[in-house]
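See below for the structure under consideration.
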Protein chains: 2
Amino acid sequence: MDAKGISRAVISRLPRYYRYLGELMEDGVERISSNELSEKMRVTASQIRQDLNNFGGFGQQGYGYNVQYLYTEIGKILGLDHVHHMIILGAGNLGQALANYVQFEKRGFKVVGLFDVNPVLAGVSVRGIEIKMISDLEEFLKNNSVQIAALTLPKNKAAEMADLLVANNIKAIWNFAHLDLTLPENVIVENVHLSESLMRLSYNLNRYVNEHQQ
Amino acid sequence: MDAKGISRAVISRLPRYYRYLGELMEDGVERISSNELSEKMRVTASQIRQDLNNFGGFGQQGYGYNVQYLYTEIGKILGLDHVHHMIILGAGNLGQALANYVQFEKRGFKVVGLFDVNPVLAGVSVRGIEIKMISDLEEFLKNNSVQIAALTLPKNKAAEMADLLVANNIKAIWNFAHLDLTLPENVIVENVHLSESLMRLSYNLNRYVNEHQQ
DNA sequence: TAGATTGTTAATCGATTAACAATC
DNA sequence: TAGATTGTTAATCGATTAACAATC
């Protein structure tokens, strides 16, 4: 399983394969060919085979792919075969939404802490997790194994907090703040910029309207 | 401003340019060259010039780009120069988080309605917007001009609701549900699949750990 | 064995980068 | 005018698709 030099594009598609395979499993489908899957997913069969062969030969000539096996293997590639401990910094609506989203836990992402600066929130519980003050964060990280931190803080706090997280050995940041974090390159940053997503939507909407006005 | 055939990659970068230009404006910077901007943003100057020239010549030889002017122009390209009316379907944590996010309104995305199926939420207000029942949705859409609907419902309701929205003339869906909506091709769909984002993070985290174990 | 379908190489397409003439 | 920097064409690089030999 040589994971070097696999393009971002391929990696981005893996979770979608995983989702479709999960649905096929639920539907009791045992095997599928790249061709059938390509019709379902509206991508080329060639792309599916190319993508998968970056990681290994999961299929069998004349048969196709075993759904359950492929699902499991992609799960392993995505690291879903072990539990990750996650904390959430910022217990506003978005932070609480993430904490409440039980589906994550099913995939092995366990929320072990929830932090905020607002003293009003101190002691409030979300899904059994008590909100702590950010002043307790360093102490918490020293006593607990945490791999992932979700950053749902406003921009002005986020950069500073990211540095604190890295200094305390956090290896991956799920960044919801609207800024680009500059961190050591061994720290994984995955951005979710909602406003940028909304602007893309707006661009396409706008374009459509313009084209049909003329 | 010929907007035909501009690649998804280019469009995806526009909001980031917009963000950086906004920050430069706040810092009182009047002009910037593609070279200076390329250093700030860590992309090539060539890419910046190519991207912008898809939409027009916004710069001036020997001078660079006027920050304020370019910011305004990109805003127009992104459709941020007029107000969009948005409703949110699903008033759970995520829906409420979106409704609360005042920054969207600043960019011209005005939340005009918030809907849920849960009768417990009926009449509850979020930032002055009263949560309505989804049974009232069709009526609402007949009496109000709405362009965008954010879908923060669970998967099983989302497909059905998307169809209802389209039947009532909604032109763009901001989809947070974990499924691919199949809708007429003139309907804009912008997906935010948080679990897929988290899996990409997990992939990279996992890969990093594996590489350094060997 | 014959048929089906993968894994993989080769061809094509598109996006990014480099180079430079145009021009402010 | 000389210097700077764009707009744009050409070269390169990478990703996607097509084709087909290998093989179950």
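Note that the structure is predicted; figures quoted are calculated from it, not measured. Each chain gets a letter, A, B and so on, in the order its sequence line appears, and its residues count up from 1.
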Rounded to the nearest angstrom, tell me the gap between atom CG in A/Asp51 and atom P in D/dA18.
15 Å
Nearest heavy-atom pair of B/Leu151 and B/Ala162: which atoms, and what distance?
CD1-CB, 4.1 Å
Looking at C/dT17, I'd like to know if its phosphate oxygens (OP1 or OP2) sit under 4.0 Å from a side-chain N or O belonging to B/Thr44.
yes
Are A/Val111 and A/Ile87 side-chain neighbours, meaning at least one heavy-atom pair lies under 4.5 Å?
no
Please list every donor-acceptor pair under 3.5 Å in which a side-chain atom of residues 97-106 of chain A meets a protein atom from a residue at least two apart or in another chain.
unit_1, atom_1, unit_2, atom_2, d
A/Asn100, ND2, A/Gln96, O, 3.2
A/Asn100, ND2, B/Asn93, OD1, 3.0
A/Tyr101, OH, B/His178, ND1, 3.0
A/Glu105, OE1, A/Arg127, NH2, 3.3

Given side-chain hydrogen bond (donor to acceptor under 3.5 Å, both in side chains), test A/His82 with B/Asn206 step by step and report yes or no.
CA-CA 10 Å; A/His82 31 81; B/Asn206 195 46; 3.3 Å; yes
To the nearest Å, how far apart are A/Tyr69 OH and C/dT6 C1'?
14 Å
Figure out the CG/P separation between B/Asn53 and D/dT5, and round it to whole Å.
16 Å
Go through the structure and list residues passing side-chain hydrogen bond (donor to acceptor under 3.5 Å, both in side chains) with B/Arg19, not counting sequence neighbours.
A/Asp180, A/Glu196
In whole Å, I'd like the distance from the CG atom of A/Asn54 to the C1' atom of C/dT8.
12 Å
Output the rounded distance in Å from CD (A/Gln47) to C1' (C/dG7).
16 Å
Closest-nucleotide 5' rank along DNA chain D - winner of A/Val43 and B/Gly57
B/Gly57
Note, A/Gln68 side chain near A/Glu30 side chain (heavy atom, < 4.5 Å):
no
Atom-to-atom span, CZ of B/Phe58 to C1' of D/dT8 - whole angstrom:
15 Å
Between C/dT8 (C1') and A/Phe55 (CZ): distance, integer Å:
16 Å
Heavy atoms, side chains only, cut-off 4.5 Å: are A/Met199 and B/Tyr18 in contact?
yes
Around atom NZ of A/Lys155, are there more than 12 heavy atoms from other residues, nucleotides or ligands closer than 6.0 Å?
yes
Rounded to the nearest Å, what distance is computed from the CD1 atom of residue A/Ile48 to the P atom of nucleotide D/dT17?
11 Å
Strand-adjacent residues in residues 8-42 of chain A, judged by heavy atoms under 4.0 Å from DNA chain D
A/Ala9, A/Arg13
Secondary structure of DNA chain D per the Watson-Crick/G-U criterion (both distances under 3.5 Å; [ ] crossing, | other strand, . unpaired) is ..||||||||||||||||||||||
Would B/Tyr71 and B/Tyr17 count as a close aromatic pair, with their ring centres under 6.0 Å?
no
In this structure, which one of B/Ile77, B/Asp51, B/Asn54, B/Ile6 forms a side chain to side chain contact (heavy atoms under 4.5 Å, CB included) with B/Ile11?
B/Ile6
Would you call the rings of A/His84 and A/Phe109 parallel, tilted or perpendicular if under 30° counts as parallel and over 60° as perpendicular?
parallel
Which parts of residues 59-67 of chain B get close to DNA chain C, meaning a heavy atom less than 4.0 angstrom away?
B/Gln60, B/Gln61, B/Gly62
Side chains of B/His85 and B/Gln147 in contact at under 4.5 Å (non-hydrogen atoms):
yes
Contact between B/Leu37 and B/Val43 at the side-chain level, heavy atoms closer than 4.5 Å - yes or no?
no
Return the polar atom pairs (N/O with N/O) between nucleotides 9-11 of chain C and the protein under 3.5 Å, or none.
unit_1, atom_1, unit_2, atom_2, d
C/dT9, O4, A/Gln50, NE2, 2.8

B/Glu36 with B/Lys40: basic N within carboxylate O range, under 4.0 Å
no
Please tell me if B/Arg49 has a side-chain N or O lying less than 4.0 Å from either OP1 or OP2 of D/dG7.
no
